[in-house]
Novice: 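My structure is below; once you've seen it, I'll send some questions.
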Amino acid sequence: MAKININYNKLAAGYLFPEIARRTREFQEKHPNMVLKKLGIGNTTEALTPAVVSGLIKGVNNLADPATYSGYGDEQGNKKLRQVLSDYYSSRGIALSPDDFFISDGAKPDSSNIQSIFSSDSIVAIQDPAYPVYVDSNVITGKAGNYSEEKGEYDGLKYMPCTEENNFFPNLPKGKVDLIYLCSPNNPTGAVATHEQLKKFVDYAKNNKAVIIFDAAYSEYISDPKLPKSIFEIEEAKECSLEINSLSKFAGFTGVRLGWTIVPEELVAEGTEPGEIRNLWNRRQSTFFNGASNIVQEGALAVFSKEGLKESKELVNYYMENAKIIMKGVAALGITAYGGVNAPYVWIKTPGGISSWDFFDKLLSETGVIGTPGSGFGPGGEGFFRLSAFGHRENIEAAMESIKQNLKI
Ligand SMILES: *Cc1c(COP(=O)(O)O)cnc(C)c1O
């Protein structure tokens, strides 16, 4: 008799975005003439840039010609792209071998797939609030235990609260943990870890033989030169960290799909030699994955061309200008807001201390603006609300205008 993976049944009911969609639909049915302004899901909205489009077309043309056609590529990714990535990090002062880079179809799949190379009884620490994928993928792979309705937590996970008091960067875990998910710039809080903050975690990880899974999906949104864009800017981080990134937020590849995971040769865990963990990830990718699309990898190479980098930075600046408009708008209303400076998310404290979902309903009904309730990112997000800077300028401006005119606080 086939049995299903019952861990799926442990996932807490009402996944965030479907619930937002349900409430939005219900509202729109009752108010068909109201134009809704979406600042909710973290999805890119602006077109691919010309250099990237040329790269993708080149990829298609290569396949259209028997002389340049290619079938399966290396599971680890196009050699040239791995070299280009290695050079890109090197230009920022980080020495990594092209062999440390594994090209994939995105940071989200990598952030869950990476678990397969670590013991299934690993104790996992996550920031609270956090990108929901970290928790849910650990639940599905049986590392999270049961969900407690009362606490809003899984009993097998170590939650690391990110609060106003600690500037939304967690204190070190109490006791020993094995895997630590860190995301900076952070989704949803928009907080960016400093060198010193990351150093503390690197020291902890080294002392406890833990591994940091560092999600740098928003690294290109950092404009402050003092803030680290990669965990590998921290001394000795290569011995205890791996890093995940993608072109989704940097170059609008959310639908195109291209990411990478860096597993430095130096990385070690309990009882392993340098190189062993990298080999395991290589084995995992070679077995379960057949490489990223060759068309898309041509597009990725174009992102790292001189033109491509310039255009992608302009794209990031466009979204960050949106973030400024949001920050200015909420500040004018006296709402306390965080993030929004080196990250495309504005993390607001709900006015009057109302719950995240109550604020969602209030904002929707009074202003037609859709955001994301903080509590959907974990119990630590309760009382907060995320506004996303991804959107067309007109939409962001209309949303902020409506909030200014119509929100009753
Ligand atoms: C958007 C996002 C990603 C990107 O995932 P892709 O699969 O590369 O599109 C990864 N991590 C976080 C925290 C994100 O918000």
Side-chain angles (χ1 to χ4, degrees), residues 15-17 20 39-46 48 52 77 81 85 101-115 124 126-138 160 162 168-170 179-193 212-222 229-231 241-262 285 288-289 292-293 296-297 299-300 303 312 315-316 319-320 323 339-340 342-347 371-372 374 376-378 380-381 386-391:
Y15 180 62
L16 178 61
F17 292 108
I20 291 174
L39 301 186
I41 296 181
N43 202 351
T44 51
T45 55
E46 302 311 297
L48 293 173
V52 171
L81 181 56
L85 279 166
F101 289 82
F102 296 85
I103 313 296
S104 73
D105 58 348
K108 176 175 169 176
D110 283 1
S111 70
S112 8
N113 293 338
I114 197 73
Q115 293 167 26
V124 180
I126 47 143
Q127 288 171 279
D128 176 27
Y131 184 50
V133 180
Y134 312 145
V135 170
D136 288 358
S137 59
N138 275 292
M160 301 185 292
C162 297
F168 302 100
F169 188 80
L179 299 176
I180 303 165
Y181 280 85
L182 290 179
C183 176
S184 173
N186 192 267
N187 178 8
T189 66
V192 186
I212 297 170
I213 299 167
F214 191 75
D215 185 340
Y218 298 95
S219 55
E220 297 293 341
Y221 286 77
I222 297 177
K229 290 183 174 168
S230 164
I231 186 109
S241 326
L242 55 87
E243 181 164 306
I244 292 170
N245 206 331
S246 87
L247 294 180
S248 285
K249 311 298 162 43
F250 180 31
F253 272 47
T254 38
V256 181
R257 312 303 306 144
L258 189 118
W260 60 91
T261 288
I262 304 166
Q285 290 300 79
F288 286 77
F289 184 60
S293 150
V296 170
Q297 293 190 86
V303 171
S312 299
L315 202 56
V316 166
Y319 292 126
M320 287 314 295
N342 292 286
Y345 296 118
V346 176
W347 188 240
T372 317
F377 298 98
R386 190 190 77 175
L387 294 174
S388 162
F390 292 114

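Order of appearance sets the numbers: ligands from 1, and atoms from 1 within every ligand.
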Novice: Is P109 in contact with ligand 1, taking contact as a heavy-atom separation below 4.0 Å?
Specialist: yes
Novice: Going by atom types alone, do S111 and D215 pair a side-chain donor with an acceptor below 3.5 Å?
Specialist: no
Novice: Checking T372 side chain against G40 main chain: does a donor-acceptor pair fall under 3.5 Å?
Specialist: yes
Novice: Going by heavy atoms, is F253 under 4.0 Å from ligand 1?
Specialist: no
Novice: With the side chain counted from C-beta on, respond yes when T189 and Y345 share a heavy-atom pair under 4.5 Å apart, and no when they do not.
Specialist: no
Novice: For D105, is at least one N or O under 3.5 Å away from an N or O on ligand 1?
Specialist: no
Novice: Using a 4.5 Å cut-off on heavy atoms from C-beta on, say whether the side chain of F169 contacts that of V192.
Specialist: no
Novice: Is C183 in contact with ligand 1, taking contact as a heavy-atom separation below 4.0 Å?
Specialist: yes
Novice: Does D215 have a heavy atom less than 4.0 Å from any atom of ligand 1?
Specialist: yes
Novice: Are any non-hydrogen side-chain atoms of F253 and V296 less than 4.5 angstrom apart?
Specialist: yes
Novice: Under 4.0 Å from any heavy atom of G106, which atoms of ligand 1 are there?
Specialist: 7 (O), 8 (O)
Novice: Under 3.5 Å, is there a donor on one side chain and an acceptor on the other for E220 and S312?
Specialist: no
Novice: Just jot down the ligand 1 atoms closer than 4.0 angstrom to any heavy atom of S248, in number order.
Specialist: 6 (P), 8 (O), 9 (O)
Novice: Just say parallel, tilted or perpendicular for the rings of Y221 and F390, cut-offs at 30° and 60°.
Specialist: perpendicular
Novice: Look only at interatomic distance and state if L258 has a nitrogen or oxygen under 3.5 Å from any nitrogen or oxygen of ligand 1.
Specialist: no
Novice: Give the residue, atom name and distance (to 0.1 Å) of the protein heavy atom nearest atom 15 (O) of ligand 1.
Specialist: Y218 OH, 2.5 Å
Novice: Students should be able to answer this: which protein heavy-atom is nearest to atom 1 (C) of ligand 1, and at what distance?
Specialist: K249 NZ, 1.2 Å
Novice: So which heavy atom in the protein is nearest atom 5 (O) of ligand 1, and how far is it from that ligand atom?
Specialist: K108 N, 3.4 Å
Novice: Is there at least one pair of N or O atoms, one from S246 and one from ligand 1, spaced under 3.5 Å apart?
Specialist: yes
Novice: With a cut-off of 6.0 Å (strictly less than), are more than 12 heavy atoms of other residues, nucleotides or ligands near NZ of K229?
Specialist: yes
Novice: Any heavy-atom pair between the side chains of F214 and I262 that's under 4.5 Å?
Specialist: no
Novice: Output the list of atoms in ligand 1 that are nearer than 4.0 Å to some heavy atom of R257, sorted by atom number.
Specialist: 6 (P), 7 (O), 9 (O)
Novice: Assess Y134 for proximity to ligand 1: is some non-hydrogen atom of it under 4.0 Å away?
Specialist: yes
